[in-house]
Each structure stands twice: as C-alpha cells, then as structure tokens.
There are 2 protein chains.
Amino acid sequence: MQQPAPAPKPLRADAARNRDKLLVAATEVFGERGLDAPLEEIARRAGVSIGTLYNHFPTREAFWDAIFPERLAALEQVTETALAAPDAWDGFVAFVEGLFALQAEDRGLNDALAQRFRAAGEVEQACHRGFRHAERIIRRARDSGQLRPDFEPQDLVTLIWAMSQVIRESMEAAPDQWRRCLAFFLDGLRTGAAHPLPVAPLTQGQLSEVMRSR
Amino acid sequence: MQQPAPAPKPLRADAARNRDKLLVAATEVFGERGLDAPLEEIARRAGVSIGTLYNHFPTREAFWDAIFPERLAALEQVTETALAAPDAWDGFVAFVEGLFALQAEDRGLNDALAQRFRAAGEVEQACHRGFRHAERIIRRARDSGQLRPDFEPQDLVTLIWAMSQVIRESMEAAPDQWRRCLAFFLDGLRTGAAHPLPVAPLTQGQLSEVMRSR
DNA sequence: GGATAACTTGAGGTATCCCTCAACTTATGC
DNA sequence: GCATAAGTTGAGGGATACCTCAAGTTATCC
C-alpha cells in the first residue's frame, strides 16, 4: 500500500561513508552559518570533493530533505509535550519556548522556519504537519480563556518571523535575549492584556503568497 | 567655531547632474532592494557608468551617508511628535508606529535600523541621537505608569529587530501586517499586562558587541 | 587477481558582484 | 576657439559561489 522507495539501491561502502561525512558536515555548517552557507564549505569540512557532494546531493534542498526531518521530529516532541500540559496556557508557552529554543540552537532551522528559504519536499510536508499541531495548541489555549481570542494561528507565523530575527541577531552576544523579548510578547497574548487589533490576520491567500515568495 | 567643510569644491555642472542622478537612483534601489543591492544596478538606473559611480561615491557607505540623514530627519519628526503628545503612552505608541511605518516604506532604512549593516559616519551619529531621544520617550511613558517599568531602552533594539523582520517578510503580500504584530507586542508592554521577565536586559557591553558585529 | 561498475576528483565554465585605471570626452575660463 | 583641468567610460582583474564532466580511482564480485 505504501510503496516506500522505488529502488533503495545499496551504496558502495566508501560512498556510504562519504554520504555520512557530508551529512555531518552539512548539519554543522548549516547550523552555524544558515541555509545559504556555501556548499563548498560543506565539502571541505567533510573532506570530500565538491563533485562528490553534488553526486550525493544534487541540490541544496536535497540536503535539507536529509537533515531536517530529524530536527523537525524534535519539534514534534515539543508539540506533544505542549498538548500534554495540564494547563492550556502553560502548554502554549511551552510550545513557543520549545520552538524558539530549537531555532536558537540551529541557524539553519531558524532560517527554515522563518521562511527565509523556500522549503520543498519533506521539509514542507513536516512544516504543514507542525502548523496543524500548532493550530490545536492555539485553539486549546484560546478555548481555555487564557490566550486572547483574536490570536489566530496565522499570527504564529508573524511571531516566528519576529523571533527568528531576534534570535539571529542576539545569537552570539546574548543568546538568551530572545526569551526576554518573547516574554514581552506573551504578556500581550493573555486575554486580560488584549486591546482591539488594528488589522485583520493574514488571509489564506496572503499566507501562501508569503510562503511562495523567495 | 564649527569649521564646516575643509574644501567644498564646486562640482562641474555635468558632474553635479550625475551626482544627483546617482543619489536618486540609489535612494530608489536601496529602498526597494535593501542595503545590499548591487551598486551596478544603481549606476544602470542612473544612466551612468560604474566608474562614475565610484568616482562620486567611493564606497557603499558613502551613499548611506548621503541618503540617510534626510530619512533620519523624518524620524526626528516622529520623535518630536511623540514627545509632544499630551499622553505619554500615546506618545510612545506614536513613536514606535511612526518608526516602523518609515521602515515599512524603505527597505534600506529597515536594513539600517535592524543593524543588518554596519552603520558608520553620519548614519551612526544620527542613530545615536535617535536612541537618546527614544530613551526620553520610553522614560516618560514609564514614569506615567503606563509603560511597564521593566521595559528598558535597550529593549527597543530587540523590538526593532523583531519588527524589521516582520516588515520585510510581509512587505509585498500584506504590507499592514506589522501593525497587527506590533499591537500584540504593545499589549504586552502596558503596565497592567506585565509579568516577571526571565532574562535581564542587554548590558551596555552586549549592546555594543551586537552593534559591532556584521 | 582481474574485469567492471560504482564512485571520486578537481579543473574549468558560468554567473554575479566588487573595484580600478588608462584612455577618452567635455565643461570652463581665458 | 583653445588649453587644461575635471569628469566619464567600460574593459578587465579579483573574489566568491554555483555546477558539470571527462578522466582517474576503487570497491566488489567472480
């Protein structure tokens, strides 16, 4: 029923070793320098020629497909913990804190979630699933009366944009600052803090346009 | 007492014309594409060779020094309006809204204020002055009891990082979204909304380190 | 150990952007 | 008008990064 891979094709021993070295290097390099890091740096750090890199990963995106599922699994862990929290607000807070903590650990993930790079394939799938789960966390917190009722799931996207920049800029000099910024933001998301909003949330169309570009 | 310019040197008529065309083009190009726009695009749009561009503006920063003082004057206008507001909180809100509205109009200014590029010379001076004024606006709003007392002037820097990314990402598809995001944030900055913060504000040292890098 | 398919290599072509400078053009003052 | 200083030009050299492919190397199977 699932037809997993058309032709798994076992790799030759040396090729498998090189693939692994490339993946390790790519994880490091993307994590440190972001998703636009030069591929040649990855090849160099893996101790492999640029040709071999392209042999195993014909595009930059192929790396992402190989790297991010694991990272996004960590995110799913965060999601589950959040949904399991006895208090809905605490769950919501745990979710965003966990999410941003992951982004703060990995510049590549930060770039990916901030939509600074067009996700495709596996990564896009996982993002969709993640967003679906986030919706549940948001609705639950709203229904409990603690998260302000006009905070829509789309607003999470905006929040991620905002925090991703704070994380990026303060990463070296003050790696915890994003928590302070988030705390301000969260204080504005409590029902008791809510004042009328001046602008409607992103529409579905705007959302996908925003995702499409770049 | 002031010794304004060591040698003003009147330009030849055609040179002055070219300089103007370059400034107009640079304002457009930086405004549309950000501070890392290719200089060759500016020369092209000015209808002038790349050599002439370098003749008038030997570095990218020279353009900024020529362009931004005017833009930053608009910011000073915003500042004054904010300080003149009868209500201190309204003044604070007017200040941040005015600031981000300017950033939303001009990708270059957005880049500059988000510290995405090392400012130097005139621009840096103007930023310092602007920050000094912002401090007064913040203190005034705190003293009035409306802005939460633990919001420090340094936190404005973080807020600017956050909003600059939101502005950049939503610029085309939903150019007003930043106002919604800011509204959430502002609701968290009212005294009534305040909960204890988990992290201390940026120290002076961290602040200047952050400014130094990139 | 040899044949063969699998894999690796890295020089080199493309592209973009930076910046310079020797040769040319033109405004200006006499 | 003409001499000259002022200004303009754009080819070209330097960097960086992308990606390809013909030639060379190596694991694997018998």
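Throughout, protein chains are lettered first and strands after them, A, B, ... in sequence-line order, and every chain is numbered starting at 1.
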Which residues, if any, of residues 50-65 of chain B bring a heavy atom under 4.0 Å of DNA chain D?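 Within residues 50-65 of chain B, the residues near DNA chain D are Ile50(B), Gly51(B), Thr52(B), Asn55(B), His56(B).
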
What are the residues of residues 16-35 of chain A, sorted by number, that bring a heavy atom to within less than 4.0 Å of DNA chain D?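 None - not one residue of the stretch has a heavy atom sitting under 4.0 Å from the strand.
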
What range of DNA chain D does chain A touch, first nucleotide to last, counting atoms under 4.0 Å from its heavy atoms?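 Footprint of chain A along DNA chain D, 5' to 3': dA17(D) to dT28(D).
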
Would you please name every residue forming a salt bridge (charged side-chain N to carboxylate O under 4.0 Å, His left out) with [X], sequence neighbours left out?
X: Arg142(B); answer: Glu152(B)
X: Arg12(A); answer: Asp14(A)
X: Arg45(B); answer: Glu28(B), Glu32(B), Glu41(B)

Along DNA chain D (nearest heavy atom to each residue), the more 5'-positioned of Val48(B) and Arg12(B):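 Nearest-nucleotide comparison on DNA chain D picks Arg12(B).
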
Quick one: do Ile138(A) and Phe95(A) satisfy side-chain contact (heavy atoms from CB on, under 4.5 Å)? Show the steps, please. CA-CA 10 Å; Ile138(A) 288 169; Phe95(A) 171 66; 6.0 Å; no

Please say which of Asp65(A), Asp106(A), Asp111(A) ends up in a salt bridge (charged side-chain N to carboxylate O under 4.0 Å, His left out) with Arg71(A).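 That would be Asp106(A); it is the only one of Asp65(A), Asp106(A), Asp111(A) passing the salt bridge (charged side-chain N to carboxylate O under 4.0 Å, His left out) with Arg71(A).
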
If you define the side chain from C-beta out and look only at heavy atoms, does anything of Phe185(B) sit under 4.5 Å from Val166(B)?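 With C-beta onward as the side chain, the pair stays apart.
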
Within the distance-only criterion (no hydrogens, no angle test), does the side chain of Gln154(B) pair as donor or acceptor with the backbone N or O of Leu202(B) below 3.5 angstrom?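 Here the side-chain-to-backbone pair exists.
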
Please state how far atom CG in Asp36(A) lies from atom P in dT16(C), giving the value in whole angstrom units.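 Whole-Å distance recorded here is 18 Å.
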
Write down the distance between CG (Leu11(A)) and C1' (dT8(C)), rounded to a whole number of angstrom.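 One finds 13 Å between C1' of dT8(C) and CG of Leu11(A), rounded.
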
For Leu53(B) and Val48(B), which heavy atoms make the closest approach, and how far apart are they?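 Closest heavy-atom pair between Leu53(B) and Val48(B): N-CG1, 4.1 Å.
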
Are the charged groups of Glu135(B) and Arg139(B) less than 4.0 angstrom apart, N to O?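 Yes, this pair counts.
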
In terms of relative ring orientation, are Phe63(A) and Phe57(A) parallel, tilted or perpendicular, with 30° and 60° separating the classes?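 Correct class here is parallel.
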
